[in-house]
There are 2 protein chains.
Amino acid sequence: MAESHRSGRNVALTAPERSAGSRHTRRTTLATIAASAGVSVATVSKVVNGRADVAAGTRAVVEELLRRHEYVPPSVRRAAGASTTVELLISGPFGVYSTQVIEGVVQAGAETGTSIVVGSLDDHRQPGFAPQGWARRLVGAGRAGVIVVTGALTGGHVTALALAGVPLVVIDPLNMPGAEVTSVGSTNFAGGMSATRHLLDLGHERIAYVGGPPSSGCNQARLHGYRAALENSGITSRPEYVANEDFAYDVGRRAGGRMLDLAARPTAIVGGCDTIAIGIMEAARVRGLRIPEDVSVTGFDDTELSTMTSPPLSVIRQPLREMGRVALKSVLQLAAGDALDSHHVELATELVVRGSTAPPPDL
Amino acid sequence: MAESHRSGRNVALTAPERSAGSRHTRRTTLATIAASAGVSVATVSKVVNGRADVAAGTRAVVEELLRRHEYVPPSVRRAAGASTTVELLISGPFGVYSTQVIEGVVQAGAETGTSIVVGSLDDHRQPGFAPQGWARRLVGAGRAGVIVVTGALTGGHVTALALAGVPLVVIDPLNMPGAEVTSVGSTNFAGGMSATRHLLDLGHERIAYVGGPPSSGCNQARLHGYRAALENSGITSRPEYVANEDFAYDVGRRAGGRMLDLAARPTAIVGGCDTIAIGIMEAARVRGLRIPEDVSVTGFDDTELSTMTSPPLSVIRQPLREMGRVALKSVLQLAAGDALDSHHVELATELVVRGSTAPPPDL
DNA sequence: CTGAAAGCGCTTACAG
DNA sequence: CTGAAAGCGCTTACAG
């Protein structure tokens, strides 16, 4: 007992004892924390269990120590294997996009011995989604971290999670998060640019863009990439050639259709994602326009869909599986208390030319 | 202590005390089991931890009691919420099919407070996939049950899981499992039949079928549904009009293409799944055949893909989300020790007519 | 608000 | 093989 008191004291203001000694680093116990903080085990127990009868000052000190020593309550500790669990939250309906991200996260999970619990962000939007309760549930369930796909979390949720000490990584965030949120994306700007560049190289000049939500960070980047490419070629983009609504098939069909009905109709359209592009293809087909002879179309993502269209879709490939893998490794790193090289990482996009793009008609 | 001994004894040969008394049913502890078995807590602890130094007879008695009282070791017990966790294993690459199943399972999980851990069956096929170790891992990780999607588990895995007491439900099993495996599917025979019926009703007589693995139960049912519909109309199916290879786009393209190159080419093709159907559409397009004017094509599944093709695909809808929901509820029921009405359930398929089917040419 | 003390559920080294 | 005993990590009712 005296022994543990002493070692506790030594450690109080330095990093936890990890490094030295046996590989088997004993788990931090309440006793260690109590000794470091100079309070009783009972008090530490109360802090851990969120009891009210603890002085604010005491609580703060103990909480800090719990964090520093990475205390894990036994209810959260797993059996023998003690496998780590990360929660992966998908926003919106599950589809071709999310399935690839899930696959990447699950793959990386298998490699690192991490269990991936998949959930829907929308479900949580229901009753029990108040920030604090949400964070508490995740902690209570022993999640080592959380990955959110394409979601728009409120600041409240982000801070609740941070306070609870649960690391968060967002994939392709809809709202461009600040430095306090770690995120993984792809080079959307470069992607938008190279799709457009590809069409310019084919000889197109009347190039339109149909994209997702105007507020979405990744869509903005793609749109501006499109604009930059046009400007580089000395072409000013016409407002009627640009639509930003949603990442959906129907948007491609309607907005794309509108543009194809224009007197000066575009000879090529950059789709903000694969589903939009496919909607555009359908709009063209309905109007008796052939792809790629009359109109060229590009997608963005390279989901399962893009090889199955007629003709197969030329796309900007987003490495969705790899993004999932990087996201998992990042939460794991954060959970281990390691610093990340950067709070935001972008993986490279890549142009994949298939059958939906060709030189413009009458060239 | 005497108290707990006594109540333990009372319970020994009857069902656990669940029913009576407070809603809050105290967890079974080693002490209860020890009292029931008439051995010490230490001995029970050894059995739970798989120590070797316990007589076989003693071990058997204690194990039986542990099972009867549904003892859950604290390392497995979750915090407050004590949320149940079910493992969902996907075989093969994640795609439009699995994403809908996952969504259904996750939805039902959210409703029942169950966490869904998603994994790949193929990963587990690697090193550590020996039946016993596999089952032990799942038990150790505290999984209440396992759902396998479209996988072909070996008998060894099924029995290892059964011995470990972890319930298993298979969705759309590739190998038709016996009564010892619970499974969820859809009315594939009826589906194959109504797709074919639909084409017959439109006036087609030269109808082909391109499907998945010959050994796959669901494919067999679909194929035989196709045959039954033809026979009902007094048409004998020609062997060159039938191909069973795999549920893949390329199969549709190649096998479908082969049939479309036939001197007496079919005027309609039933696809064994959506991706096959889309492959067939592409094969037609490449040959300058229009859909549905020259060839009609049907899909099977009603995945995200089917509304996005040009023209949109007429399909047999499989209620994949609902199948996922039913699977989850079934494992949960099994985990609770309740009996299922049937070890195999099939949900209804449904014909959804879209744009890829029409009367045959020259009619 | 704090902590000594009693207690719980579990494990393990060791005597028999 | 078995279990009494010591011990661990945690919680909680209660005295101060």
Side-chain angles (χ1 to χ4, degrees), chain A residues 1-8 16-17 22 24-63 65-66 69-80 82 139-140 142, chain B residues 1-9 11 16-17 22 24-63 65-66 69-82 140 142:
Chain A
M1 196 55 180
E3 185 60 28
S4 96
H5 266 257
R6 245 194 294 121
S7 87
E17 40 203 302
S22 72
H24 217 67
T25 331
R26 302 223 4 91
R27 289 244 52 95
T28 308
T29 67
L30 293 196
T32 320
I33 306 291
S36 305
V39 300
S40 74
V41 172
T43 302
V44 178
S45 170
K46 285 175 193 169
V47 172
V48 168
N49 295 294
R51 294 253 176 292
D53 56 345
V54 179
T58 312
R59 160 169 281 125
V61 170
V62 171
E63 274 177 345
L65 252 6
L66 286 168
H69 288 270
E70 292 168 20
Y71 174 75
V72 184
S75 53
V76 167
R77 239 146 49 203
R78 241 54 252 290
V139 174
Chain B
M1 197 55 181
E3 185 61 26
S4 97
H5 266 258
R6 246 196 292 120
S7 88
R9 285 252 157 68
V11 136
E17 40 203 302
S22 71
H24 217 67
T25 330
R26 302 221 4 89
R27 290 242 52 96
T28 306
T29 66
L30 293 196
T32 320
I33 306 290
S36 306
V39 300
S40 73
V41 173
T43 301
V44 179
S45 170
K46 285 174 193 169
V47 171
V48 169
N49 295 294
R51 293 255 177 291
D53 56 344
V54 180
T58 312
R59 159 168 282 125
V61 170
V62 171
E63 275 177 344
L65 251 7
L66 287 168
H69 288 270
E70 291 168 20
Y71 174 75
V72 184
S75 53
V76 167
R77 232 145 55 202
R78 242 53 250 292

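In the text below, chain A, chain B and the rest are named by the order of the sequence lines, each starting its count at 1. Because the structure is predicted, anything quoted here is derived from the model rather than measured.
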- line: In terms of heavy-atom contacts, B:Ala31 and B:Val41 come closest through CA-CG2, 3.9 Å
task: Would you indicate which nucleotide in C:dC1, D:dG9, D:dT2 comes nearest to any side-chain atom of A:Thr29?
output: D:dG9
task: Specify the residue among B:Ala56 and A:Leu30 whose closest nucleotide of DNA chain D lies further upstream toward the 5′ end.
output: B:Ala56
task: Select base, sugar-phosphate, or nothing to describe what A:Val48 touches, counting heavy atoms under 4.0 Å on all strands.
output: nothing
message: How long is the straight-line distance from CD of B:Glu63 back to CD1 of B:Ile33, given to the nearest 0.5 Å?
response: 11.5 Å
task: With C1' as the reference atom in both, quote the distance from C:dG3 to C:dG7 in angstrom, rounded to an integer.
output: 16 Å
- line: Judged by nearest nucleotide, the residue sitting upstream toward the 5' end of DNA chain C, A:Ala42 or A:Ala52, is A:Ala52
query: If each of A:Val44 and A:Asp53 is mapped to the nucleotide of DNA chain D with the nearest heavy atom, which maps nearer the 5' terminus, i.e. the 5' end?
result: A:Val44
- request: Tell me whether the OP1 or OP2 atom of D:dT12 has a side-chain N or O from A:Arg51 closer than 4.0 Å.
  value: yes
- prompt: Can you tell me how far the CG atom of B:Asp53 sits from the CZ atom of B:Arg59, to the nearest 0.5 Å?
  reply: 8.5 Å
query: Atom NZ of A:Lys46 to atom P of D:dT12: distance rounded to whole Å?
result: 11 Å
- prompt: Is there a side-chain polar atom (N or O) of A:Thr58 under 4.0 Å from OP1 or OP2 of C:dT2?
  reply: yes
- line: Taking every heavy atom of A:Ser36 against every heavy atom of A:His69, the minimum-distance pair comes out as OG-NE2, 4.0 Å
task: Determine which bases of DNA chain D form Watson-Crick or G-U wobble pairs with both distances under 3.5 Å, and write the result as a 5' to 3' dot-bracket string with | for other-strand partners.
output: |||.||||||||.|||
- prompt: Does B:Thr43 have a side-chain nitrogen or oxygen under 4.0 Å from the phosphate oxygens OP1 or OP2 of D:dG3?
  reply: yes
